[in-house]
Amino acid sequence: MPLPSKVVIADTSCFILLDKIDEVSLLKQLFGEVVTTYEVVHEFGKQLPEWVKIESVKDGKYQSVLALEVDRGEASAIALSAEKEDALLILDDLRARKLAEKLGLSYTGTLGVIARSRKEGVITSVKPIIEKIRNTNFRFGEDVFSAILKAAGEE
């Protein structure tokens, strides 16, 4: 069942990772609707599901300033999040996460989404999903996987 209130804005890495493991639908199951930007769509390079809403950032100058620190997709997602009243930003890049934190934005990562999916009953276990991630070119340290298992109550 989708969670109410927050606007959820996803960056490219979230879509890429979940697409590689055939789990993009977790976003819909958990949040109902996800918002992203045209820059993220361009970086992703594939058609996104119809439940992903694509929006433009209103303040292009602000986005350009952010792009001095992070890539264009991340800059657009961060800028869009800053324009929203109550947004949750999904970012995996450490530099982008640090920037979002400095700006006082609420964020999580794709692995956090997976752990939350377990806590909300969308999935019954994170272990099979972690195994699928291990078979991709995405690299997370074992400490990160352990933290996700712990957060999901599966350690």
Side-chain angles (χ1 to χ4, degrees), residues 1-55 66-67 69-81 84 86-103 105-155:
M1 183 165 144
L3 297 174
S5 78
K6 287 191 181 266
V7 172
V8 178
I9 301 170
D11 180 37
T12 314
S13 62
C14 175
F15 290 121
I16 291 172
L17 178 55
L18 292 177
D19 182 63
K20 282 185 181 232
I21 62 170
D22 199 30
E23 295 286 354
V24 173
S25 65
L26 280 180
L27 294 171
K28 176 159 179 56
Q29 293 170 328
L30 189 59
F31 303 116
E33 179 180 84
V34 173
V35 178
T36 198
T37 65
Y38 288 97
E39 290 82 357
V40 168
V41 172
H42 178 74
E43 284 182 357
F44 182 57
K46 293 182 177 182
Q47 186 166 351
L48 288 167
E50 71 285 347
W51 47 265
V52 176
K53 184 177 177 186
I54 303 165
E55 293 186 15
L66 294 174
E69 298 292 323
V70 295
D71 78 30
R72 289 183 49 181
E74 292 160 350
S76 67
I78 292 169
L80 186 61
S81 179
K84 301 292 182 182
D86 189 22
L88 175 65
L89 190 53
I90 305 172
L91 294 168
D92 292 318
D93 179 76
L94 182 59
R95 183 182 292 214
R97 291 166 69 104
K98 285 183 176 182
L99 180 57
E101 188 170 336
K102 282 182 188 175
L103 296 171
L105 302 174
S106 178
Y107 66 90
T108 189
T110 304
L111 293 178
V113 168
I114 292 167
R116 188 169 177 176
S117 295
R118 168 67 172 88
K119 283 188 164 184
E120 298 293 328
V122 172
I123 58 175
T124 56
S125 176
V126 299
K127 286 180 184 178
I129 293 175
I130 287 176
E131 289 309 312
K132 289 198 280 187
I133 292 170
R134 283 185 170 131
N135 291 322
T136 71
N137 62 345
F138 278 76
R139 297 292 166 240
F140 297 97
E142 284 305 312
D143 57 326
V144 174
F145 286 129
S146 294
I148 295 303
L149 288 170
K150 184 177 182 178
E154 294 183 38
E155 63 177 341

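Just so you know, these numbers come straight off a predicted model, no measurement behind them. We count residues from 1, following the sequence as given.
Comment: Lys98 does not engage Glu101 in a salt bridge, judged by the lack of any side-chain N to carboxylate O separation of less than 4.0 angstrom. A salt bridge links Glu142 with Arg134: the distance from a Lys NZ or Arg NE/NH1/NH2 to an Asp or Glu carboxylate oxygen falls below 4.0 Å.
The shortest heavy-atom contact between Trp51 and Ser25 is CZ2-CA, 4.3 Å. The two residues Ile148 and Gly112 make their nearest non-hydrogen contact at CD1-N, 4.2 Å. Residue Ser106 comes nearest to Lys6 through the heavy atom pair OG-NZ, 3.6 Å, listed as atom of the first residue, atom of the second, then distance. Across Thr37 and Ser76, no two heavy atoms sit closer than the pair OG1-OG, 2.6 Å.
The closest side-chain heavy-atom distance from Ile114 to Leu111 is below 4.5 Å. The side-chain heavy atoms of Ile90 and Thr110, taken from C-beta on, include a pair separated by under 4.5 Å.
Between the side chain of Thr36 and the backbone N or O of Ala10, at least one donor-acceptor pair lies under 3.5 Å. Judged by distance alone, the side chain of Lys132 and the main-chain N or O of Ile21 form a donor-acceptor pair under 3.5 Å. Checked by atom type and distance alone, the side chain of Ser81 never pairs as donor or acceptor with a backbone atom of Ala77 at under 3.5 Å. Between the side chain of Arg72 and the backbone N or O of Ala67, no donor-acceptor pair lies under 3.5 Å. Checking side-chain atoms of Glu43 against main-chain N and O of Gly73 turns up a donor-acceptor pair under 3.5 Å.
A search for salt bridge (charged side-chain N to carboxylate O under 4.0 Å, His left out) contacts involving Glu55 returns Lys53, Lys84, not counting sequence neighbours.
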